[in-house]
**Q** 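Please read through the structure below; I'll follow up with questions.
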Amino acid sequence: MLQQTQVVTVVPYFERWLRELPGWRELARASEEQVLRLWEGLGYYHRARRLQLLAQTVMERFGGEIPSSREELEKLPGLGPYTAAAVAAIAFNQPELPIDGNIRRVLARFGADGAKASRAQDEHFRQLVAPELRAPDRPRQLVQALMELGALVCKPRQPECRACPLRQNCRALAQGHPERYPAKKVALAPRPLHISFCWAVNDDSCVLLRQRPEKGRFPGHFEPPLVEAPGARESQNLLAELLGSQPRTLAPFRRDFTTYRVTWHPHVLEFSGGPLDGYEWVFLELALKLNLVPVLARHLRELAASRRLQSR
DNA sequence: AAGTCGGGGGC
DNA sequence: GCCCCAGACTT
């Protein structure tokens, strides 16, 4: 959950998750719906799938006990170089250094290392810290200390250098501009994207939905008829083409994801006849409980609350 | 090495 | 509006 997600955001999800799925066994046996529902709103939904895959692997191949070495951990689904090293160091006190955003920032400033993040830089950081990890019971302490230092003192903006235990030997501070490190990664230019979607309702208060594939964006989530295009008009034309008729247009809204600047164009349509190819009629009451694409779930809830789906 | 994949905190 | 967040995985 903590991969690319702030601690304050994760805490409520983590607590709810452990109440419903307290162990590997429960997670391994859980339904996809429950897993997705517990993850709803956290983003990066492939993490949820990999976490369940991890639970099943731990149960089937390791008898319910996660391995303790970084090498073994790194082979498991969802555990990359960072998480494998973090579990090895923090849970099992192995001499490993997980390099997250916090530790990268602390070490880049300490050595005034202006290079962009890379495998070579990671390796350099590990060699730098390795001697400090040798003492018994040290990895668990030092790793968490460096993370906390980065989160609370050596912050991205306005670092509190006066409170820093490393201030005597910090090269970035000596240069006078610690906030210049680490080097920023070149941001991908956000691209405009227009997504038109339609709540098609029939006389039985059903809406048209389909389930997205397990790969790609919003894996396994449900969605109404939906098309995307670089332009607004283009996306609306494609939607009408998909539906075979002209839906009523509602007010567009903005909600971005990853590197796209997305304008969402909602529509509604009184739709009689059989479902579109690949879609199903779902009772509105049930649809509101399904794992819809989160931004669309929000819109459907608001629409249902305003009762604009039934009226014409 | 660069793209993909969400959503929110905090300024 | 922007930067960043206890990154992993594919291409």
**Q** Taking atom CD of Glu280(A) as the centre, does the number of heavy atoms from other residues, nucleotides or ligands within less than 6.0 Å exceed 12?
**A** no

**Q** Whole Å only: how far is the CZ atom of Arg254(A) from the C1' atom of dC2(C)?
**A** 13 Å

**Q** Report the residue (Ser118(A) or Thr259(A)) whose heavy-atom-nearest nucleotide on DNA chain B is the more 5′ of the two.
**A**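 Comparing both residues, the 5'-ward one is Ser118(A).
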
**Q** On DNA chain C, compare the nucleotides closest to Lys215(A) and Gln144(A); which residue's is nearer the 5' end?
**A** Gln144(A)

**Q** Nearest heavy atom decides the nucleotide; on that basis, is Asp100(A) or Leu79(A) closer to the 5' end of DNA chain C?
**A**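 Of the two residues, Asp100(A) wins.
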
**Q** Need one value for Pro98(A): base, sugar-phosphate or nothing, where a base atom within 4.0 Å counts as base even if backbone is also close, heavy atoms only.
**A** nothing

**Q** Would you mind reporting whether Trp17(A) and Leu51(A) have side-chain heavy atoms less than 4.5 Å apart?
**A**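 Yes, side chains in contact.
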
**Q** Lys155(A) and salt bridge (charged side-chain N to carboxylate O under 4.0 Å, His left out): which partner among Glu148(A), Glu160(A), Glu179(A)?
**A** Glu160(A)

**Q** Answer with base, sugar-phosphate or nothing: what part of the nucleic acid does Gly150(A) contact at a heavy-atom distance below 4.0 Å?
**A**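 Answer is nothing: Gly150(A) stays at 4.0 Å or more from every strand.
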
**Q** Looking at every strand, decide which applies to Pro219(A) at a 4.0 Å heavy-atom threshold: base, sugar-phosphate, or nothing.
**A**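 No contact.
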
**Q** How far, in whole Å, is dG10(B) from dA6(C) if one measures between their P atoms?
**A** 11 Å

**Q** Under 4.0 Å between any heavy atoms, over every strand shown, what does Gly43(A) touch: base, sugar-phosphate, or nothing? Just pick one.
**A**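 Base contact.
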
**Q** Given atom NZ of Lys185(A) and atom P of dT4(B), what is their separation to the nearest angstrom?
**A** 14 Å

**Q** Can you identify which nucleotide, out of dC2(C), dA8(C), dC5(B), has its nearest atom closest to the Arg261(A) side chain?
**A**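 Of all the options, the side chain of Arg261(A) is nearest to dC2(C).
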
**Q** For dA1(B), give its Watson-Crick or G-U wobble partner with both distances under 3.5 Å, or none.
**A**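 Pairing partner, where one exists within any strand: dT11(C).
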
**Q** Expressed in angstrom and rounded to an integer, what is the separation of Arg157(A) atom CZ from dG10(B) atom P?
**A**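 Between P of dG10(B) and CZ of Arg157(A): 11 Å.
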
**Q** Does the side chain of Trp199(A) pick up a donor-acceptor pair with the side chain of His299(A) at under 3.5 Å?
**A** yes

**Q** What's the NZ-P distance between Lys155(A) and dC3(C), to the nearest Å?
**A** 19 Å

**Q** Would you say a side-chain N or O of Arg191(A) is under 4.0 Å from OP1 or OP2 of dT4(B)?
**A**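 Answer is yes, contact under 4.0 Å.
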
**Q** In whole angstrom, give me the gap between the C1' atoms of dG6(B) and dC5(C).
**A**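 After rounding to an integer number of Å, I get 12 Å for this pair.
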
**Q** Taking only the side-chain nitrogens and oxygens of Gln4(A), find out if one of them lies under 4.0 Å from OP1 or OP2 of dG7(C).
**A** yes

**Q** Counting only heavy atoms not in Tyr13(A), do more than 12 sit closer than 6.0 Å to its OH atom?
**A** yes

**Q** Answer with base, sugar-phosphate or nothing: what part of the nucleic acid does Leu188(A) contact at a heavy-atom distance below 4.0 Å?
**A** sugar-phosphate

**Q** If you only use heavy atoms from C-beta on, which nucleotide in dT4(B), dC4(C), dG6(B) is closest to the side chain of Arg217(A)?
**A**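 Closest nucleotide to the Arg217(A) side chain: dG6(B).
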
**Q** Do any side-chain nitrogens or oxygens of Arg105(A) fall under 4.0 Å of OP1 or OP2 in dC5(C)?
**A** yes

**Q** Quick check for you: among dC9(C), dG9(B), dC2(C), whose closest atom lies nearest to any side-chain atom of Thr9(A)?
**A**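 When the side chain of Thr9(A) is considered, dG9(B) is the closest of dC9(C), dG9(B), dC2(C).
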
**Q** Quick check on dA8(C): is either OP1 or OP2 less than 4.0 Å from any side-chain nitrogen or oxygen of Thr83(A)?
**A** yes

**Q** Counting the atoms with a prime plus P, OP1 and OP2 as sugar-phosphate, which does Arg255(A) contact under 4.0 Å by heavy atoms, base, sugar-phosphate, or nothing?
**A**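 Counting heavy atoms under 4.0 Å across all strands, the contact made by Arg255(A) is with sugar-phosphate only.
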
**Q** What is the distance, rounded to the nearest whole Å, between atom CG of Leu73(A) and atom P of dA6(C)?
**A**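 Taking CG of Leu73(A) and P of dA6(C), I get 21 Å after rounding.
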
**Q** Determine the contact category for Gln6(A): base if any of its heavy atoms lies under 4.0 Å from a base atom, sugar-phosphate if only primed atoms, P, OP1 or OP2 are that close, otherwise nothing.
**A** base

**Q** Using a 6.0 Å cut-off, check whether atom CZ of Phe283(A) has over 12 heavy atoms from anything other than its own residue.
**A** no

**Q** Between dA6(C) atom P and Leu146(A) atom CG, what is the distance in whole Å?
**A** 14 Å

